[in-house]
Novice: 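To start, I am sharing the structure in question, which I have written as structure tokens.
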2 protein chains.
Amino acid sequence: MSTQNPKAARVAINAAPGMTNGTTKAAPAATGAKRAVGTSRPRASLVDVATLAGVSSGTVSRALTRPDMISQATRERVLAAAQRLGYVANGAARALVMRRSMTVGALVPRFGGSSFPTMIQALESTLAAADYTLLLSAPEHSRGQGPAALAALLERGVDAVALLGAQHPPQVFAALTAHQRPFVMMWAQHSPQGVCVGFDEGEAASLLVDHLAALGHREIGFVGGRTEHNERARRRLLGLTLAIARHGIRLAPQAMLEVDYGFAQGFEAMTELLQRGLTITAVVCGNDYLATGALAALAQAGVPVPGQLSVASFNDNDFAAYLYPPLTTVRLPIREMGEQAGHYLLQRLRGAQPQHQALLPVELIVRQSTGYAPRAQE
Amino acid sequence: MSTQNPKAARVAINAAPGMTNGTTKAAPAATGAKRAVGTSRPRASLVDVATLAGVSSGTVSRALTRPDMISQATRERVLAAAQRLGYVANGAARALVMRRSMTVGALVPRFGGSSFPTMIQALESTLAAADYTLLLSAPEHSRGQGPAALAALLERGVDAVALLGAQHPPQVFAALTAHQRPFVMMWAQHSPQGVCVGFDEGEAASLLVDHLAALGHREIGFVGGRTEHNERARRRLLGLTLAIARHGIRLAPQAMLEVDYGFAQGFEAMTELLQRGLTITAVVCGNDYLATGALAALAQAGVPVPGQLSVASFNDNDFAAYLYPPLTTVRLPIREMGEQAGHYLLQRLRGAQPQHQALLPVELIVRQSTGYAPRAQE
DNA sequence: TTGTATGCGTTATCAC
DNA sequence: GTGATAACGCATACAA
């Protein structure tokens, strides 16, 4: 290979000092041999590229990251060499000296089947556009494992962190500030601990309740998620309670059920409400899954909707309303939360200190029965 | 603080050399001052802990990672010091010398609204149990951006990679082997490029078709996903075609529709099939979303299911069948794929070379109408 | 058992 | 514009 280009000879000479370095490597190389027997050399480094291009490693570094600081000629030579060796920068070394990893951590509880994926997806895509990569940590239960999971993220050198919700053990915030990592809380509002990206749960509830009140409903029920370990379910219930109180209408205690989010739970909860023989004329559901299950229960029981009982729902996934148009929903800005969280973190990482406390808009959706209903208004 | 413990005095003395180091840091410290004006010191390092504990940095390193190589007394002293400083290891430095980052990359296309989240979740949780963290990369379109996204992952030093599907540009596999990174292809079977974790699409199709054939159906339709850019949709169609051919029954070309996955698409596709006035007696749907939309269309059209038209579906999310029990489905091992992919990679990372080509089982689910149907068999 | 010294691959500070 | 060289923080081989 060195016969091909006159410069290559010079390379060989220049390589001498580097080779000294290489000889010293004998011991580590033996360690490296612990892996497969293969003839495979360790991945090319800056020095390798430099050697091949006949320049110093510093020049290679600049050619790759600050092309305009380098002469046209050498730049091309370096790029060619890098290309030929399939050079890929070692992010660990870079992170070590740069003190940043181009990595952002996301700390969210398990997200199977819920709307978190949409949010995470939006977050990832926003960050990716700025060359950041998302390190995902999804501890089993939101309580307990948070600090440990965060430690794992910090240890991996994340430059910033996105959290779900505002309620975390103090150690979480302590570690975050101790490590001086920008962070943002998604699906939350008004935390004294830092910046939140979310929406006004109270407003969302108001939209639904205003609508129901305007239709003349005076007594309504609520089938929501379990509040004990779910900050969002808690805030949702609170918002609803306040909105209802404002209208002077009634949320009967017997018409309130806390269940896990799910089709079956919605079905069973609604069945239970029907059996209780209440006088409610409307039911609000905490999310799509519950609403869908509830509507199935009503359909089976032959209860006309909204003829006899109105149903409204908070809408994470936009499918309950789709399946059952008479359902009035509030569309929650799931994707938007991920995007805004990403944008905020990126600004922080660029050194800005944006006051990003804005709440994202929610939207009431009252559909006409356009045809997708299995059995609307029967 | 140093007056509290006699040993602390010794610490101060031993600290001298360390402090020299600290003084040398003056320039870097100034660089660090580029950020906020704060009084904040850079995060504690091994040396800081060593200084505080009155031992060498090597001892601290061992005390933290190989506790059994250290005497009880010093170990406790070191741990206390680390605790007090809130020491968190610098993963970049560790990765640089260890040549591994305890990080695994996942390269999957956008996953909003599909079943990928379930799989990713399972993958993450499996890896987390072994102290690995997941670096998520979700390029916009599966084609094109793959290599760049992979490069980003490799640059960040991922120890292994999980891919979705087996069809990737050659550069992807080239880079993976060049960097000697174990990888696994999820939702795929039999790739010459490497190990797959998936299920037998043909078997899944057979389960459905066998069932339909046993019920006497001789001519069926198919509403599936778009095959052009979707490897899984393609394999699904292929499996179905083969199963149908085996039974000598007929999949009429006019009864085949390729659409995007979604409720509306399923609804419209089914509406279209009805309008075509075909003689089919059963329709297979490519996934839950399509099936749900299709069933809504049938319900609206007043077509009894399965009385007049049977519907069967591949089942990613288990909700279509839930909402509409007469729907026969094949449960696909989504979560299991994530788990197995994780386990395989972990084994590889431990140095094993498992022959992990097993296909995960699929399961035919024929439900009785247990009560969750809005209007079963009407 | 513990201390010392070296290298991991990169960026940045200096000279040239 | 380019080449040496010193960190970055950690793990480890080798001495003690």
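Residue numbers begin at 1 in each chain, while the letters A, B, ... track the order of the sequences.
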Novice: So if I take residues 88-98 of chain A and measure heavy-atom distances to DNA chain D, which residues fall below 4.0 Å?
Specialist: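 Output list: Leu96(A), Val97(A).
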Novice: Out of the candidates Asp159(B), Thr126(B), Thr103(B), only one should pair with Tyr132(B) under the side-chain contact (heavy atoms from CB on, under 4.5 Å) rule; please name it.
Specialist: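 That would be Asp159(B); it is the only one of Asp159(B), Thr126(B), Thr103(B) passing the side-chain contact (heavy atoms from CB on, under 4.5 Å) with Tyr132(B).
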Novice: Check side-chain hydrogen bond (donor to acceptor under 3.5 Å, both in side chains) between Ser71(B) and all other residues, then give those that pass, not counting sequence neighbours.
Specialist: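 Partners of Ser71(B) under the side-chain hydrogen bond (donor to acceptor under 3.5 Å, both in side chains) test: Thr74(B).
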Novice: Can you check the Leu85(A) CG to dG9(C) P distance for me, whole Å?
Specialist: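 Spelled out: CG on Leu85(A) to P on dG9(C) is 14 Å.
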Novice: Between Val49(B) and Leu64(B), is there a side-chain heavy-atom distance shorter than 4.5 Å?
Specialist: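 They are not in side-chain contact.
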Novice: So, does Arg84(B) use its side chain to make a donor-acceptor pair with the main chain of Ala82(B) at under 3.5 Å?
Specialist: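 Absent.
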Novice: Can you pull the side-chain hydrogen bond (donor to acceptor under 3.5 Å, both in side chains) pairs that have at least one residue in residues 55-64 of chain A, sequence neighbours excluded?
Specialist: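 Every side-chain hydrogen bond (donor to acceptor under 3.5 Å, both in side chains) pair that includes a residue of residues 55-64 of chain A, provided the two are not neighbours, is Ser56(A)-Thr59(A).
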Novice: Once the angle between the rings of Phe173(B) and Phe183(B) is folded into 0 to 90°, is it parallel (under 30°), tilted (30 to 60°) or perpendicular (over 60°)?
Specialist: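 Plane angle between 30° and 60°, so tilted.
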Novice: Any pair with a residue in residues 85-94 of chain A that passes side-chain hydrogen bond (donor to acceptor under 3.5 Å, both in side chains), sequence neighbours left out, goes on the list, sorted by first then second residue, please.
Specialist: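 Sorted pair list: Arg94(A)-Glu155(B).
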Novice: Once you round it to whole Å, what is the distance between C1' of dT2(D) and CG of Asp68(A)?
Specialist: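 It is 15 Å, rounded to the nearest whole Å.
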Novice: If you compare all heavy atoms of Val158(A) against all heavy atoms of Gly105(A), which two are closest, and at what distance to 0.1 Å?
Specialist: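 Where Val158(A) meets Gly105(A) most closely, the heavy atoms are CG1-N, 3.5 Å.
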Novice: Examine distances only and state if a side-chain atom of Ser101(A) and a backbone atom of Ala95(A) form a donor-acceptor pair shorter than 3.5 Å.
Specialist: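 A pair under 3.5 Å: no.
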Novice: For Val88(B), does its backbone N or O pair with a side-chain atom of Arg43(B) as donor and acceptor, under 3.5 Å?
Specialist: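 Yes, the answer is positive, given that a donor and an acceptor are paired below the 3.5 Å cut-off.
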Novice: Quick one: is Arg66(B) getting a side-chain N or O under 4.0 Å of the dA11(D) phosphate, OP1 or OP2?
Specialist: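 No, no such contact exists.
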Novice: Atom CE of Met102(B) to atom C1' of dA11(D): distance rounded to whole Å?
Specialist: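 From Met102(B) CE to dA11(D) C1': 15 Å.
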Novice: Within this structure, what is the CZ-to-P distance between Arg100(B) and dC8(C), rounded to whole angstrom?
Specialist: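 These atoms are roughly 18 Å apart.
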Novice: Enter the inter-axis angle for the ends of the helix from dT1(C)-dA16(D) to dC16(C)-dG1(D) (five pairs per end, rounded to 10°).
Specialist: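 The two end axes of the helix from dT1(C)-dA16(D) to dC16(C)-dG1(D) meet at 40°.
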Novice: Okay, side chain of Arg75(A), backbone of Pro67(A): is any donor-acceptor separation there less than 3.5 Å?
Specialist: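 Looks like yes, one N/O pair under 3.5 Å.
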Novice: dT11(C), dA11(D), dC10(D): which one has an atom nearest the side-chain heavy atoms of Ser45(B)?
Specialist: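 Nearest listed nucleotide: dC10(D).
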Novice: Show me the protein contacts with nucleotides 2-5 of chain C, counting only N or O atoms at under 3.5 Å.
Specialist:
from	atom 1	to	atom 2	distance (Å)
dT2(C)	OP1	Ser71(B)	OG	2.8
dT2(C)	OP1	Thr74(B)	OG1	2.9
dT2(C)	OP2	Ser71(B)	N	2.9
dT2(C)	OP2	Thr74(B)	OG1	2.9
dG3(C)	OP2	Ser56(B)	N	3.0
dG3(C)	OP2	Ser56(B)	OG	3.1
dG3(C)	OP2	Thr59(B)	OG1	2.2
dG3(C)	N7	Arg62(B)	NH2	2.8
dG3(C)	O6	Arg62(B)	NH1	3.1

Novice: Leu64(B) CG to dT1(C) C1': how many Å, rounded?
Specialist: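 Rounding to the nearest Å, CG of Leu64(B) and C1' of dT1(C) are 17 Å apart.
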